Amino acid sequence: MIDFKKNKTLAFAFILPALLFYLFFMIGPVAETFAMSFFKWKGIGGSSSGFVGLRNYVRVFSDHNFWESFGRLIYFVVLNVILQMVLGFTLAYLVSLKLKGARFFKLVFFLPAVLSVTAVSLMWKMILSTNDGMLNMLLTAFGMESLTRSWLTDPAICFTVIALINVWLQVGMPFVILLAGILGIPTEMYEAAAIDGANGWHRIFGITIPMMKEIIAVCMILVLSNAMKVFDVFYVITSGSFGPGNVNLVPMGYMYITSFRGNDFGRGSVMALCVMVVGALASVFIYFRGFRKEGRENAG
Amino acid sequence: MNRYRSKWSTAGCYLILGVWAVVTIYPLVYTFLTSFKTQKTMYTNMFGLPETWHFENYAGLFTEMGFGKSISNSLMITVVTVLCQLLISCMLAFVITQFRFKMSNKLLGFFVIGMLIPAQVLMIPIAVMAKYLNGYNNFVFLTCVYIATGMPYMIFVISGFMRDLPRELLEAGRIDGCSGLQVFTRMVLPLTKPAIATMGMLSFIGTWNEMMLALILLKRNDLQTVSLALNTFSGERFSNYPGMCAAVMIGVFPTMLIYFVFQENIIAGMTAGAVKG
């Protein structure tokens, strides 16, 4: 170890750049968001025009569009957490069996996680477009014309379709995390269970899942917090309109529209903070539930 | 474990794996193939290989859409961000892990908390700052924001790596008369190379793909990044599918290439936070 006191200049010179960037572009702005939520703002063109106390909060919380967008987000988050966890776990389990080609499957399943969300959203927008999209053409070619839909413009289904696209985009992360968890379970556990006559399902629900409670909790938090702040995929697919109507308006989209089209930074800040706080609370909840259960099992 | 499994269940496993592999890969393959077709042949020959490979779609992006400029903008911003981020993060991680002082863990914790801040919360204040600091249409400002937002995760992973470096070796270097700075440049940095390489690639992927902050800060067409240029497509009438396919391929190509070459490193780097923590 190097002595701090004898090398003060070097130490401070090495800490300072990171600290400045961090304070100036991250900590400062978060504090600023908080502060701005109490001011009346006129966006990019104008500037702050006075302290208004909690009025921005009142306006946001009495805005039914905001609550509707939040309700939509809850549906989106629940769908994504369930599907990503179930699909991620299933794929991870199958890859962990080390069948022939497992490496190839791992390579493929994680691929969407490194691709530009903008680019692949655009890709899905083309594939699912009503008249010339690949999916509808494929269905028609196989004589299933009755199944063709306006996937991205029919208000009844488009939100769910985009939620599914998001599953496609992000399932790679839970997949690799759960895979690492499954591979970390000692094989003796399975061998002992096999001697006791456990079959495949018993192995999964009796050993694999209970052994990885903690990693499942961490993974769920990751999926949840990524889903909470969804913006890009809706922005690109709806060309920035979050329509038809408001059906694809998620809170971060509403925040964007309020702040950058409506020039109201105060209300926008309230919305941004809301999403951050709810996401953090949900994460804490999952974290403690994940560990409490494990604690009980260890005790029992 | 193979001996516990019947033929049928193996077939079932392959069925599920195969279906999801097709769902993942086929849209990309379709987009790739369509990007070499013309607007006519994409309908007459939807699913096959292009009969003749047309490169006009790619050429059109450069001549008509100014994609060359977007690519060079994106590359410039990304490369500068990656290099600065790595340098600054390594310097901080070096002090945190190799200097003896009480606050070191607290300092690390203070930076790691930044991993919890979603970039969306920064959008509004960054826009306000940009107004006062001439940050609109300014690559330097955008790059600074990128450096800061990607830093916490990088510091977290690199500190973890530097902490595990062999103590004795570094002590020996000190005894041989290396100054603190020399320990950093001659010993710690070379030893940290694997982590630096991995985090550099991750940072490249993240910065290349970033769209939201660029959307707010870059308003001029000649300053667009690739993500923004792709975005302009999404607003247009759907007239030129093969051209859009070509644009999508340009958008995904750099990160896909890095991923295919350094697959294991990238997966390990991206999951380091979840698996260790």
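Order of the sequence lines fixes the chain letters, A, B, ..., with proteins taken first and strands second; residue numbering starts at 1 for each chain. In what follows, every heavy atom counts, from backbone to side chain, and hydrogens, waters and symmetry copies are set aside. Just so it is clear, the structure is predicted and the values come from calculations on it, not from any experiment.
In this structure, chain B has a heavy atom under 4.5 Å from the side chain of Met252(A), while its backbone stays farther away. Residue Phe24(A) touches chain B through both its backbone and its side chain, counting heavy-atom pairs closer than 4.5 Å. There is no contact between Val275(A) and chain B, counting heavy-atom distances below 4.5 Å. Contact of Met255(A) with chain B is made through the side chain alone, with heavy-atom distances under 4.5 Å. Proximity to chain B is limited to the side chain of Phe105(A), based on heavy atoms less than 4.5 angstrom apart. Contacts of Met46(B) with chain A are made by side-chain atoms alone, with heavy-atom separations under 4.5 Å and no backbone atom involved. Both the backbone and the side chain of Lys106(A) have a heavy atom closer than 4.5 Å to some heavy atom of chain B. Only the side chain of Ile127(A) comes within less than 4.5 Å of a heavy atom of chain B; its backbone N, CA, C and O stay farther away. There is no contact between Leu16(A) and chain B, counting heavy-atom distances below 4.5 Å. For Met151(B), the part sitting under 4.5 Å from any heavy atom of chain A is the side chain, from C-beta outward, and nothing else. Looking at Ala35(A), neither its backbone nor its side chain comes within 4.5 Å of chain B, counting heavy atoms on both sides. With a threshold of 4.5 angstrom between heavy atoms, Met36(A) approaches chain B through side-chain atoms but not through N, CA, C or O. For Leu138(A), the parts lying under 4.5 angstrom from a heavy atom of chain B are both the backbone and the side chain. Proximity to chain B is absent for every atom of Leu178(A), based on heavy atoms less than 4.5 angstrom apart.
A donor-acceptor contact closer than 3.5 angstrom is absent between the side chains of Gln39(B) and Tyr241(B). Side-chain polar atoms of Tyr190(A) and Thr208(A) form a donor-acceptor pair below 3.5 angstrom.
The aromatic rings of Tyr26(B) and Tyr30(B) are tilted relative to each other, their planes meeting at an angle between 30° and 60°.
With chain B as partner, the option from Ala119(A), Ala31(A), Ala272(A) having the largest number of non-hydrogen pairs under 4.5 angstrom is Ala119(A).
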